[in-house]
Structure formats: C-alpha cells, structure tokens
Amino acid sequence: MVIPFNLNGKDVEIDCEPERRLQSLLRDIHNLRGVHRNCQRGHCGTCSVFMDGEIVPSCLIPAYRARGSRVETIEGFSQTREYLQIEEAFRERGVFLCEVCAPARALTIEGLLRNIVEPTGDDIDRTLAMVRCRCTAYTPLREAVRSVIIKRKALIKERRQQRNG
Amino acid sequence: MAKAQPAQDKNRASRVLAPTSLSALINQKAAHPDSVIYAGGTYLLRNQTSRVFRLPRTVISLHQVEDLQRVTRTERYLEIGAAATLTEIIRVSRQVLPPALLQAIEGLATVQVRNLATLGGNLCVPDRRLDLFPVLLLMEARLEIRGAGRPRWIPLPRLLDDASGPGLAKGEILTRIRIPFRTWDKQMYRKGYPGHSGEGRSFLFCALAETSRDSLSDIRFTARITPRRILRFKTIEAGFIGRKIPVTARDRSSLLEQMTASMEAEEETVPTYERERILRYTRLFLSECGKTGNPSGTYR
C-alpha cells in the first residue's frame with residue numbers, strides 16, 4: 001500500500017504494509033531515531049509524535065492511518081524556535097534528561113503549550129506523566145516547564161508585533 | 001518513493017477500507033459483515049509487540065468519517081459520535097460533561113492514548129466492560145445503531161447483553177451515544193486496583209444522586225468488580241428514594257445491610273476487597289449527600 005503523508009514539512013510516499021507500526025515506519029525506514037521503541041503499548045510515551053497537531057503514541061498507529069496526515073517528529077520540531085526555548089529552559093534549570101525520554105519530553109511540553117496558553121500546575125503534572133521515565137526529578141522539570149511558559153508568551157508577543165509591522 | 005522490506009507473509013495482509021461518509025461506511029459494513037470496525041485501535045492493538053500489527057482480515061477504519069466524530073448538545077442531552085476521541089469530547093464539552101464522566105475519561109489513560117481512543121471503542125469491546133461503561137450505564141445513555149435498515153436506539157445494557165439478543169447484529173454499527181442531562185447534584189467515581197487482580201484489572205465504583213429540597217429524588221450505585229461483571233442495586237435504590245437528607249445513621253446502616261445481603265445472595269461470590277470498597281464508598285457517598293457547599297459533588 002502506498003502511503004503518502006507529510007513528514008516534518010516534506011511530502012513523502014512509502015510503499016509498505018498498512019499494518020506496519022507508524023513507529024517502525026519512522027524509525028526503521030526513515031531512520032528517525034528520536035522515535036524510540038520501548039513498551040509498544042502506548043504507556044511509556046517515548047515514541048510520541050505529532051500527528052495532525054495532536055500528540056499520539058506512534059507505536060499504536062498502523063501505517064495506513066498516516067495516509068494524508070501531517071506527522072512531526074523531534075527531528076522536525078528541533079529545527080524550530082519553540083524547541084530552542086524548551087532546550088534553553090532545561091539547561092537553565094539543570095534538567096539533564098536521558099536520550100530515551102528527552103525527545104518525548106520536548107514534544108509533550110510543546111503539545112501542552114499548543115493547546116493551553118496558561119497551563120495550571122495540574123496540566124503540567126499531567127504532561128510530565130505522559131512520559132514514563134525516572135531519569136530526572138520532577139521538581140526541576142516542573143520549573144523548566146514554567147520557565148518555557150514565560151518564554152513562550154514573550155515569543156507569541158514578539159511574533160504578533162512582527163505581524164502587525 | 002521509499003519501499004519497506006516486507007515484514008510478514010503477504011497472504012496474511014489485511015484489507016483496509018477507509019470510507020469517508022456514513023452512508024459509505026454502512027454500505028461497506030453491509031458488504032463485509034465480518035469486517036472489524038477500527039476506530040482508535042487502542043484496544044485492538046494493545047497487546048501486540050511485533051513491528052507489524054496483526055489486524056483482522058478486513059478492517060473498516062472510521063478515521064475519515066466526520067459524522068461519527070461530532071459532539072453536539074441540545075437542552076436535553078449530549079450526543080457524541082461513536083468515533084469522537086476522548087480528548088475531543090473533553091475539549092468540546094468539558095463544561096457540560098457530568099463530573100463523574102469527566103473524571104472517568106481523564107482517568108482512562110495518558111493524553112496521547114486519549115487522543116486516539118474513542119467513546120464508541122470503549123463501549124464496544126466485546127469481552128469486557130471498560131471504564132466508561134458503568135458510568136454511562138448509570139446515566140442511562142442510549143445508543144444509535146445503524147445498518148441496512150432504519151436507525152434504531154437501544155439502551156446501553158443491550159449492547160453487550162447476549163441474553164436479550166445481540167445489541168449489534170452483523171452488518172450494524174454503533175454511530176452515536178446520547179447522554180441525557182440530569183441534575184445529578186452528587187456524583188462519585190472511584191477506581192482502584194485490587195491487590196489480587198491480574199494486570200489491567202481494576203475495580204470501579206460510581207454513584208449518582210439527585211436531591212430536591214431535603215430529600216433524595218433519585219440515587220444510583222454501580223460497581224464493576226471484574227472485567228465482565230457489573231453490579232447494580234436497583235431494588236435497594238428504589239427503596240431509598242424519598243429519604244430525608246442528611247441521611248440518618250439508621251437509614252444508612254439499613255442500606256448498607258441490604259447491600260451486603262444482596263452481594264451475599266449473588267451466585268458468584270463478590271471478593272472481599274470489592275465488597276468492602278463498595279460498602280465504604282457507599283457510606284462515604286451517603287454522608288456527603290446531606291452536605292452543602294460541594295456543588296460539583298465529585299470527590300477525588
């Protein structure tokens with residue numbers, strides 16, 4: 001089955017079985033190693049990607065579902081200013097994540113900020129619970145997310161000003 | 001164009017149909033009555049670990065049928081398309097969802113999984129009653145079933161009740177879930193994991209009450225004690241309607257005694273953990289029923 005979709009801003013087509021995991025399609029065929037293979041049940045969150053703007057576990061999606069959709073992985077997201085803000089906040093707050101959870105943490109935080117401009121403490125905790133990894137304490141992570149929220153507001157304001165000339 | 005190495009026998013490959021309208025979906029289901037409806041796929045794929053899923057021979061995917069993803073509301077009820085994702089339901093109707101149902105949805109899985117999982121999928125799993133089933137059961141949700149003939153509405157218990165005939169005949173699909181709006185003043189939803197249970201087995205308790213001035217005008221309890229077994233206490237509930245609130249100690253102990261007797265009379269024993277939880281939560285719920293100042297009535 002030929003599956004055309006948009007991957008990190010580029011239109012791609014792939015001929016594969018419709019039942020193949022999206023995770024396998026991205027990791028094994030497109031060599032996107034930021035999509036990790038872990039629990040394969042949607043529990044751990046380390047295979048998270050954006051699909052049509054929603055964050056989803058790529059291990060629970062058959063390839064045919066990607067047909068015509070817009071998929072964004074950490075490789076695409078890391079080229080944006082939003083990612084740089086998250087990375088900067090991590091560095092400032094002394095958050096050093098392992099290579100397995102770091103991509104998913106960045107994507108889930110971005111997912112939160114795309115949906116909610118002013119997230120509450122509960123929203124932040126819920127977002128952190130989306131990735132099950134115990135490599136870093138949650139307190140600095142929470143602080144980092146709060147720091148990203150402030151930076152993001154400034155970025156939105158700056159873009160608005162640029163748009164308005 | 002990139003080409004993947006075949007990872008499985010081509011003879012086993014599934015045929016995936018992806019209708020884009022409700023009428024096309026109904027026609028395809030009628031043409032392939034043995035096909036499996038694929039909505040979010042979270043239940044169908046949950047225990048598979050290979051790189052290529054083992055899907056049924058013919059799969060009808062609902063992800064392009066927009067009619068099934070709509071969430072609408074009227075003055076009397078909330079109508080949710082069977083393929084609306086749980087995230088979409090929360091997003092669209094957070095303000096009007098009964099707190100117990102909202103809590104049940106939010107407690108279901110991680111956000112990523114809720115972005116895929118659908119309400120229809122949660123109800124249609126044939127061998128289990130998943131988390132939303134008991135809550136919607138208490139709320140008297142009704143389901144729209146469509147097939148080759150005219151659409152029909154059935155009460156939720158009929159869906160998986162084989163004794164009264166299959167809720168879903170071959171070639172039929174669940175299209176909408178209708179939840180009536182009632183002023184449930186007090187709601188309680190609790191989920192627990194019994195120590196003796198196997199993986200993925202959980203205990204659920206849900207209670208709803210409607211009050212008018214100083215008495216109970218309706219009260220309902222349910223508990224899911226095994227994946228297939230749901231307890232209701234309809235006779236006891238009916239006998240309790242009209243009692244004064246706050247519930248007196250005498251009324252409370254009388255109700256708990258009746259519940260204990262009812263559970264002991266069950267053909268299949270109710271395990272100790274579940275029995276004690278049911279009694280404990282009922283006691284707590286009744287004591288909260290008389291209290292004011294907790295209008296949302298959800299106790300987390």
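Values reported hereafter were calculated over all heavy atoms of this structure, with side chains retained and with hydrogens, waters and symmetry mates removed.
Only the side chain of B:Leu116 comes within contact range of chain A, with heavy atoms under 4.5 Å apart. When heavy atoms are compared at a cutoff of 4.5 Å, B:Val16 approaches chain A solely by way of its side chain, counted from C-beta outward. Heavy atoms of B:Gln64 lying under 4.5 Å from chain A are absent altogether. Using a 4.5 Å cut-off between heavy atoms, A:Thr108 contacts chain B through its side chain alone, with no backbone atom that close.
Both tests do not hold together for B:Arg128 against B:Tyr43: distance to the six-membered ring centre under 6.0 Å, angle to the ring axis within 45°.
The choice from B:Gly41, B:Ala18, B:Ser61 that makes the most heavy-atom pairs within less than 4.5 Å of chain A is B:Ser61. Between chain B and the residues A:Gln40, A:Gln23, A:Arg37, A:Met51, the most heavy-atom pairs under 4.5 angstrom are made by A:Arg37. When the candidates A:Thr127, A:Leu25, A:Asn115, A:Asp28 are compared by the number of heavy-atom contacts under 4.5 Å with chain B, A:Asp28 comes out ahead.
There is a side-chain donor-acceptor pair under 3.5 Å between A:Glu19 and B:Ser14.
Of all heavy-atom pairs between A:Ile86 and A:Ala106, the closest is CD1-O, 3.6 Å.
With hydrogens and angles ignored, the 3.5 Å screen pairs no side-chain donor or acceptor of B:Lys29 with any backbone N or O of B:Gly147.
Ring geometry for B:Tyr281 versus B:Phe205: interplanar angle of 30 to 60°, hence tilted.
B:Arg91 has a carboxylate O that lies under 4.0 Å from a charged side-chain N of B:Glu88, or vice versa, which qualifies the two as a salt bridge.
Each of A:Glu110, A:Glu88, A:Glu82 was compared with A:Arg152 under the salt bridge (Lys or Arg N to Asp or Glu O under 4.0 Å) criterion, and only A:Glu110 meets it.
Contacts of residues 58-66 of chain A with chain B at a heavy-atom distance below 4.5 Å involve A:Cys59, A:Leu60, A:Ile61, A:Pro62, A:Tyr64, A:Arg65, listed in sequence order.
Annotation for A:Glu99: atom CD does not count as buried by contact number, only 12 or fewer foreign heavy atoms lying within 6.0 Å.
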**OP:** Begin with the C-alpha distance, continue with both residues' side-chain angles, and end with the deciding distance and a verdict on side-chain contact (heavy atoms from CB on, under 4.5 Å) for A:Glu143 and A:Ser147.
**Re:** CA-CA 6 Å; A:Glu143 286 170 5; A:Ser147 165; over 6 Å; no
